[in-house]
Structures are given as structure tokens and as C-alpha cells.
**Student:** 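One structure, pasted below without further comment.
For ligands, and for the atoms within them, numbers begin at 1 and follow the listed sequence. Here the structure is a predicted model, which is why all the values come from computation and not from measurement.
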Amino acid sequence: MTAGVSTPPREAARLAQLLRSSERAVVLTGAGVSVPSGIPDFRSPGTGLWENVDPMEVAHIDVFRRQPDRFWAFYGERFASLRDKQPNAAHEVLAELERRGLVRGVVTQNVDTLHRRAGSRRVIEVHGSIEQSVCPECACRVPVERVLELLAAAPGAPECAACIAPLKPDVVLFGEMLPETAMADAYALAAEADLMICVGSSLEVHPVASLPGVTLESGGRLAIVTQGPTPYDDEAEVSLRGDVVAELEAVLAALD
Ligand SMILES: [Zn+2]
């Protein structure tokens with residue numbers, strides 16, 4: 001086990017048992033699953049990139065519309081920083097659970113694409129992802145590699161080659177609605193789930209925070225793998241409070 005509050009191994013064994021006995025398990029992840037990859041939770045103050053700027057202020061749809069160059073001066077750094085990161089063992093365990101047919105998919109609040117890069121196939125990104133940027137005029141989509149080239153070549157907002165309009169990252173900015181299709185998929189998975197495993201999320205950001213409630217109302221069970229408290233702690237069947245990597249590796253080991 002690595003650092004963190006240690007959880008008795010029987011909790012990991014209990015979650016392994018729940019996984020074995022469930023038929024429609026789903027995973028919900030938040031920023032905590034990517035922290036071991038070196039991606040700070042931007043809601044924690046004083047962390048790296050976000051230290052001198054209020055993301056609620058700059059990563060806002062109004063700033064993108066009115067001052068695209070200022071928006072991209074900030075967001076371009078975030079793109080480059082996220083693109084450098086690699087999936088960690090927590091992402092890999094979750095991909096392995098899907099390969100084994102033990103979970104149906106992952107609903108994530110993260111935009112870093114690390115679940116896909118770790119091998120998860122059914123990933124519902126309810127806050128979008130950095131994988132593509134979109135032209136607001138012609139709706140053409142530009143891959144992140146090209147966006148990074150454009151950012152490196154010229155200061156300011158990267159533009160659509162055809163329309164000369166500033167591209168918008170395909171992520172949900174502050175002040176924007178969540179993508180309807182992704183949210184509908186997430187709600188359907190949550191309603192059908194007989195087990196939801198919440199990993200690395202404080203479950204406080206709505207509307208994603210309501211998904212565990214959807215599973216509970218449908219008679220499903222809840223497991224929590226998160227260091228901090230959540231509003232669902234009293235209703236969880238099992239809670240793993242240690243380091244997210246160590247806990248998920250213990251669950252995988254308990255399955256073997
Ligand atoms: Zn265009």
C-alpha cells in the first residue's frame with residue numbers, strides 16, 4: 001500500500017465480492033482518479049497551473065466569446081499540460097474490470113482522455129474532453145495535436161482554417177450546459193446499474209452528483225473509493241478510503 005489512510009483489506013474483498021455478484025456495474029470517476037497521473041484537482045486552491053488564476057473566471061464561456069485570445073492563453077497551457085500526462089494504475093484497473101466483463105462502462109467528469117488511453121472502451125465524458133476542438137461557425141472538428149501545433153505557431157486563439165473563427169475546446173466550460181447525449185447515457189447507465197462504484201469524486205458537483213442517487217432509487221448498490229467525505233457515505237455498501245491506486249489494485253488482487 002502507498003501513502004494514505006489504510007483501509008482494512010476486507011473492504012477491498014467486499015467490493016470484489018460485490019463486483020462478482022453484480023451484473024450491471026458502472027463506474028463514476030472524478031478528478032481524484034487522475035491525481036496520481038500528476039493532474040491536480042483544479043477545485044483545490046493553490047495547485048500548479050491554477051495558482052494565479054480563477055478557473056471559474058477564465059474558463060468561462062463568456063470569456064471564450066468575448067476574449068478568445070485571453071481564454072486560449074490560459075486554456076492552451078492546460079491542453080499542453082494534460083496531453084503530457086499518462087494513465088495511472090487506477091485507470092488501468094478500471095479498464096481491466098471492463099475487459100473482464102465486470103463493469104459496463106465508465107462515466108467520468110474528467111476531460112483528460114486517460115480512461116480511453118488506459119483501454120476503457122465505453123467512456124461517457126459528461127464534461128467533454130480535450131481530444132477535439134470545434135469551430136463554432138462550420139462545426140468542423142480539429143484534433144488536439146493540430147490545436148497544439150496552432151498554439152505553438154502563433155499566439156492567441158487557434159482558428160478554423162476555413163472560417164478564421166476561434167476554435168472552442170470540446171469541453172464543458174463554466175456557464176455551459178452539460179452535453180445532452182452524454183448525460184442521457186450516464187443517467188441510463190446509472191438507472192440500470194445494480195452497482196455503482198464512485199472513484200475519486202467528492203460527488204458534490206451537480207448534475208453528476210445526482211447519479212449515485214439514481215442508482216440507489218433503482219435498487220442498485222453504491223461503493224465509494226474516495227479519500228474525502230461524500231454526501232453518499234451513509235448509503236454506501238462499502239467505502240475504501242485509502243490511496244485510489246492502492247485501493248483499486250487491492251480490489252483487483254481480491255478478484256484473482
Ligand atoms: Zn469553421
**Student:** Answer yes or no as to whether an N/O/S atom of Cys140 is found below 2.8 Å from the Zn ion (ligand 1).
**Tutor:** no
**Student:** At the Zn ion (ligand 1), what's the angle from Cys138 SG to Cys135 SG, rounded to 10 degrees?
**Tutor:**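 The angle at the Zn ion (ligand 1) comes to 110°, rounded to the nearest 10°.
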**Student:** Mind listing the closest non-hydrogen atom pair of Thr113 and Ser129 along with its distance?
**Tutor:**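 For Thr113 and Ser129, the tightest heavy-atom pair comes out as CG2-OG, 3.8 Å.
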**Student:** Out of the candidates Phe71, Trp72, Phe74, only one should pair with Phe79 under the ring-ring contact (aromatic ring centres under 6.0 Å, His included) rule; please name it.
**Tutor:** Trp72
**Student:** Kindly report the SG-the Zn ion (ligand 1)-SG angle for Cys160 and Cys163 respectively, rounded to 10°.
**Tutor:**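 Nearest ten degrees: 110°.
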**Student:** Would you sort out whether Arg100 and Leu255 count as a side chain to side chain contact (heavy atoms under 4.5 Å, CB included), showing the intermediate values?
**Tutor:** CA-CA 11 Å; Arg100 294 187 186 189; Leu255 281 166; 4.0 Å; yes
**Student:** Apply salt bridge (charged side-chain N to carboxylate O under 4.0 Å, His left out) to Asp62 and list each qualifying residue two or more places apart in sequence or on a separate chain.
**Tutor:**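 Arg65.
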